[in-house]
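First comes the structure, then the notes that go with it.
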Amino acid sequence: MASYLWVLSLALLFMVSGVRGTSPRQPIAVPFGRNYVPTWAFDHIKYYNGGSEIQLILDKYTGTGFQSKGSYLFGHFSMDMKLVPGDSAGTVTAFYLSSQNSEHDEIDFEFLGNRSGQPYILQTNVFTGGKGDREQRVYLWFDPTTAFHRYSVLWSDYLILFLVDDTPIRVFKNCKDLGLKFPFNQPMKLYSSLWNADDWATRGGLEKTDWSKAPFVAAYKGFHIDGCEASVEAKFCATKGRRWWDQKEFQDLDAYQYRRLAWVRQKYTIYNYCTDRVRYPNVPPECKRDRDI
């Protein structure tokens, strides 16, 4: 009888675990120079531990930034970041993907600085065919300035998933059947930068950068890229359908991931374009499918 109950319990365990999908694969940390190169103000990037960690520096003269060596059509991209501490009002630290033409596609993480003691705001956005205006803003549930945290994008032909330390904070699904463009045929590079945006970043530009607190420093490590590398002119991924993110278990969130997403929505979301009836009197068609309303 005891052995029967043990077998039954084990079977139930497998049944429950089978309900869940699979989280994106864990990133592999590599040195900065493996995947990235500086793009401007080279002297404002500092390297540590053989390039396994870098710092971007913003002062009253300039910010700085870097970009990926390759362009990608789909993949899993992540960065471990420690944001500007203290009074960072007016500064923006950005990590994003973008294509290279006028009707560009773009997938954004933007970290908006704050006055000391106030929480950072993480803004995400998705551009398709040159159209954005899909902002969502959340408070983070931890202090992003005291330790490294991981910020990731999973981009496939099925969805774009934004994650913070493996917690989904946003999903943007392929809604081509609803007449909505989706990024699928424009390779994108990855970019990151630290810059002054005190005309809009903090309280809509009311809080200006206090240059007496400069230099402002953001730290990075990880530099993970697992993508389908393509030329800028490419229109498709040569290995589409054979990569791990194309498989069925990664084509949607599982029940646990949706619960975590709902937790972020309920407790930490401070702006969602899907619920903004002033800007959008009619609910954008993707919002229901993305469970944003």
Can the ring centroids of [X] and [Y] be said to lie less than 6.0 angstrom from one another?
X: Y72; Y: F77; value: yes
X: Y139; Y: Y268; value: no
X: Y96; Y: F109; value: no
X: F74; Y: W245; value: no
X: F32; Y: F66; value: yes
X: H149; Y: F142; value: yes
X: W195; Y: W40; value: no
X: F111; Y: Y151; value: yes

For this session: Would you please test Q186 and N101 for side-chain hydrogen bond (donor to acceptor under 3.5 Å, both in side chains) and show each step?
Result: CA-CA 9 Å; Q186 298 189 73; N101 53 36; 2.4 Å; yes
For this session: Flag this pair as yes if the NZ/CZ of K221 is under 6.0 angstrom from the six-membered ring centre of F148 and inside a 45 degree cone about the axis; otherwise no.
Result: yes
Sequence-distant partners of [X], side chain to side chain donor-acceptor pair (under 3.5 Å), two or more places apart:
X: S68; result: none
X: K240; result: D157
X: E135; result: R279

Could you check whether atom [atom1] of [X] has more than 12 heavy atoms from other residues, nucleotides or ligands sitting under 6.0 Å from it?
X: K208; atom1: NZ; value: yes
X: E103; atom1: CD; value: no
X: F42; atom1: CZ; value: yes
X: F236; atom1: CZ; value: no

Rounded distance [0.5 Å steps], [atom1] in [X] versus [atom2] in [Y]:
X: I28; Y: H76; atom1: CD1; atom2: NE2; value: 11.0 Å
X: K181; Y: K131; atom1: NZ; atom2: NZ; value: 10.5 Å
X: S152; Y: L154; atom1: OG; atom2: CG; value: 9.0 Å
X: N282; Y: R277; atom1: CG; atom2: CZ; value: 8.0 Å
X: T202; Y: I121; atom1: OG1; atom2: CD1; value: 7.5 Å
X: Y271; Y: R137; atom1: OH; atom2: CZ; value: 9.0 Å

Can [X] and [Y] be counted as an ion pair, charged N to O under 4.0 angstrom?
X: D87; Y: R115; value: yes
X: E286; Y: R134; value: yes
X: D246; Y: R243; value: no
X: D292; Y: K173; value: no

Quick one: are [X] and [Y] in side-chain contact, heavy atoms under 4.5 Å?
X: V171; Y: L253; result: yes
X: F184; Y: N174; result: no
X: N196; Y: T91; result: no
X: F172; Y: D290; result: yes
X: D166; Y: Q26; result: yes
X: V92; Y: Q123; result: no
X: Q136; Y: R265; result: yes
X: D198; Y: E207; result: no

Exercise. Would Y220 and S192 satisfy side-chain hydrogen bond (donor to acceptor under 3.5 Å, both in side chains), going step by step from the backbone distance to the final call?
Worked result: CA-CA 10 Å; Y220 294 72; S192 189; 2.7 Å; yes
Show the nearest heavy-atom pair for residues [X] and [Y], with the distance to one decimal.
X: V84; Y: S88; result: CG1-CB, 3.7 Å
X: C228; Y: A238; result: SG-N, 4.0 Å
X: G70; Y: K189; result: O-CG, 3.5 Å
X: A41; Y: G63; result: CB-O, 3.1 Å
X: T209; Y: F216; result: CG2-CE1, 3.7 Å
X: S99; Y: M188; result: N-CG, 3.5 Å

In terms of hydrophobic clusters joined by side-chain contacts under 4.5 Å, are [X] and [Y] together?
X: F162; Y: Y191; answer: no
X: W263; Y: L140; answer: yes
X: V30; Y: V37; answer: no
X: V264; Y: V153; answer: yes
X: I107; Y: Y36; answer: yes

Problem set entry | Test side-chain contact (heavy atoms from CB on, under 4.5 Å) applied to Q251 and L159, step by step | CA-CA 7 Å; Q251 294 175 13; L159 54 74; 5.8 Å; no
For this session: Evaluate the ring planes of Y280 and Y273, with Trp represented by its six-membered ring, and classify them as parallel (under 30°), tilted (30 to 60°) or perpendicular (over 60°).
Result: perpendicular
Exercise. Do D252 and Y158 meet the criterion of a side-chain donor-acceptor pair at a distance under 3.5 Å?
Worked result: no
Exercise. Does a side chain donor of either D165 or T167 reach within less than 3.5 Å of an acceptor in the other side chain?
Worked result: no
Problem set entry | Residues D108, V126; criterion side-chain contact (heavy atoms from CB on, under 4.5 Å); working and verdict | CA-CA 6 Å; D108 293 340; V126 176; over 6 Å; no
Exercise. Distance-only, no hydrogens or angles: does the N49 side chain make a donor-acceptor pair with backbone N or O of S52 under 3.5 Å?
Worked result: no
Exercise. For W155 and L97, what are the C-alpha separation, side-chain angles and deciding distance, and is it a side-chain contact (heavy atoms from CB on, under 4.5 Å)?
Worked result: CA-CA 10 Å; W155 170 35; L97 296 95; 4.3 Å; yes
Problem set entry | side-chain contact (heavy atoms from CB on, under 4.5 Å) evaluation trace for R25 with W244 | CA-CA 9 Å; R25 291 182 178 177; W244 62 265; 3.4 Å; yes
